[in-house]
Number of protein chains: 2
Amino acid sequence: MSQQAEVSRRVRLNRQRVLEAAVALADEIGIDALSMRRLAQELDVVPMALYKHVADKEDLVDGMVEVIIREIDPPLLDSGWRDAIRRRVLSARSALQRHRWARQAIESRNTPTPAVLEYQDSFAGTFLAGGFTPDLAHHVMHALGGRMWGFTQELFDGTAKPKSEVASPANPAAQAEMFAHMATLYPNIVTIATATPHDDDDSVVGRGCDDQFEFEFALDLLLDGFEQLHRRGWTSA
Amino acid sequence: MSQQAEVSRRVRLNRQRVLEAAVALADEIGIDALSMRRLAQELDVVPMALYKHVADKEDLVDGMVEVIIREIDPPLLDSGWRDAIRRRVLSARSALQRHRWARQAIESRNTPTPAVLEYQDSFAGTFLAGGFTPDLAHHVMHALGGRMWGFTQELFDGTAKPKSEVASPANPAAQAEMFAHMATLYPNIVTIATATPHDDDDSVVGRGCDDQFEFEFALDLLLDGFEQLHRRGWTSA
DNA sequence: TTGACAAGTGTACCTCGTACACCCTAGGCT
DNA sequence: AGCCTAGGGTGTACGAGGTACACTTGTCAA
């Protein structure tokens, strides 16, 4: 009886609750560690219970991506295309910053869901409304590529260190030696990595660059390019 | 005896052979279907035999990426930076075109291997040799991002259709209906998708755009930007 | 020939996604 | 109120996958 009371007290699941729990769990443990079983446990149900709310894991991840999309600011309507695009991209970026797993999740999808199509459509709409020809808008969206989602394909920047060395943060001698080693093997990477001022000075090579700056640098480079082509009435023909 | 002869006739495995077999198998069945067990079967050994040559699956994929990198042309030394970068990127692109799984493999790595660092280092070297300041070279490499590997983060272009519809290639009526449906829901995507001439005219929406063109469009846009900043002596300070 | 090291094997364990058949409960109908 | 039913939740089980560990076999140098 108390058992039953316990059970009935428990809020019932629905797709939304499942997706939100999945997002929260992924925030915590990363998307690779997110399994149906782990998620079920978090929700205090048996794994198979989830399948009443999502078709399969693919569908779960699709749903999670949609949750993220909903966090992105809607496009501005009262400003120029450039400002609207720029702000929206940066808003997407900040959403992806809150959910570090999302980039991988988005990249792993290979069929667009309606939510994704809608997102892309509104981008296209902003360009068209800004006077871009459909032709130019098309190419420009391709050029934007993943940046539309707020990420560059960074992979790993030149400043990331091989994992073998990560474990020794409090060993200045070893670090200096490794730095010298890197400088021998990869002189150019070290040159450009050390050229930019560090925000984190206790590491010789690591985390030296401001990701946000790099992102906006590339974004603005592209936007400048778009603007020029647009002004010149560029066509692919 | 004949059994033994059979066995001894078999060439011995080594890391290189394992990696090459893995690349070939991934070319054939895709990287998702590539399992240690399947690869072992292909090589006619028991799964655990592979572990004598690769540390684990991570290591296997790292090795596969290195194989790909070796397929990319070395940098030109006798031409300007712009030409050198452009050619190399396009060479990387064609390697990735031959191995469609490679993009995903590269993206999934989160710690750079020496081969990867070396590849990036030679890019950096090309910029520096071209007279870029370390500062500008740094930002420019970030801007290049994944394009350095010959791919844009396409995700899915506006012309990709939801998978539910993929199965009916020979149903013009349904296709027309779906097109109308898309045009209602995603008018802007349809507008820009149909603006560019198709190379495949039997599909109303699909595969309309020339990926190579889009790639070079964005690449040149960036290279133009780089060139201007370089000429102006741009600094981040 | 022999001895030792490296290559290959067999078995077994754990984690995952998920099919299938079942039970239970809440909410609408009489 | 009592009943019925749809759909949420359960239990069990299977097959695929990565890989630890202990073992056997093959190769080659001394």
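In what follows, chains are A, B, ... by sequence order, proteins preceding strands, each numbered from 1. Keep in mind that what you see is a predicted model, and the values were worked out from it rather than measured.
- Spacing between atom CZ of R17(B) and atom C1' of dA7(C) amounts to 12 Å, rounded to whole angstrom units.
- Under a 3.5 Å cut-off, the side chain of R100(A) and the backbone N or O of G30(A) do not form any donor-acceptor pair.
- A sub-4.0 Å separation between OP1 or OP2 of dG9(D) and a side-chain N or O of H53(A) is present.
- Rounded to whole Å, atom P of dT10(D) lies 10 Å from atom CG of L50(A).
- A straight line from CZ of R15(B) to P of dA7(C) spans 13 Å, rounded to a whole angstrom.
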* Once each nucleotide of nucleotides 11-19 of chain C is scored for protein heavy atoms under 4.0 Å, what B/S/- sequence comes out, 5' to 3'? -> BB---BBBB

* May I have the step-by-step check of salt bridge (Lys or Arg N to Asp or Glu O under 4.0 Å) for R93(B) and D211(B), ending in yes or no? => CA-CA 11 Å; R93(B) 177 170 174 82; D211(B) 286 341; 5.2 Å; no

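- A 4.5 Å side-chain heavy-atom check between E177(A) and H181(A) finds every atom pair outside the cut-off.
- Across the protein-nucleic acid pair, L43(A) atom CG and dT10(D) atom P stand 11 Å apart, rounded to whole Å.
- For H99(B), the ring-ring contact (aromatic ring centres under 6.0 Å, His included) criterion is met by W101(B), not counting sequence neighbours.
- Note: H142(B) and F213(A) fail the aromatic proximity criterion, with ring centroids not under 6.0 Å apart.
- If you measure from atom NZ of K52(A) to atom P of dG11(D), you get 13 Å, rounded to the nearest angstrom.
- No donor-acceptor contact under 3.5 angstrom links the side chains of T126(B) and R88(B), judged on distance only.
- If you take CG of D59(B) and P of dG18(D), they are 14 Å apart, rounded to a whole angstrom.
- Spacing between atom CG of L60(B) and atom P of dG17(D) amounts to 14 Å, rounded to whole angstrom units.
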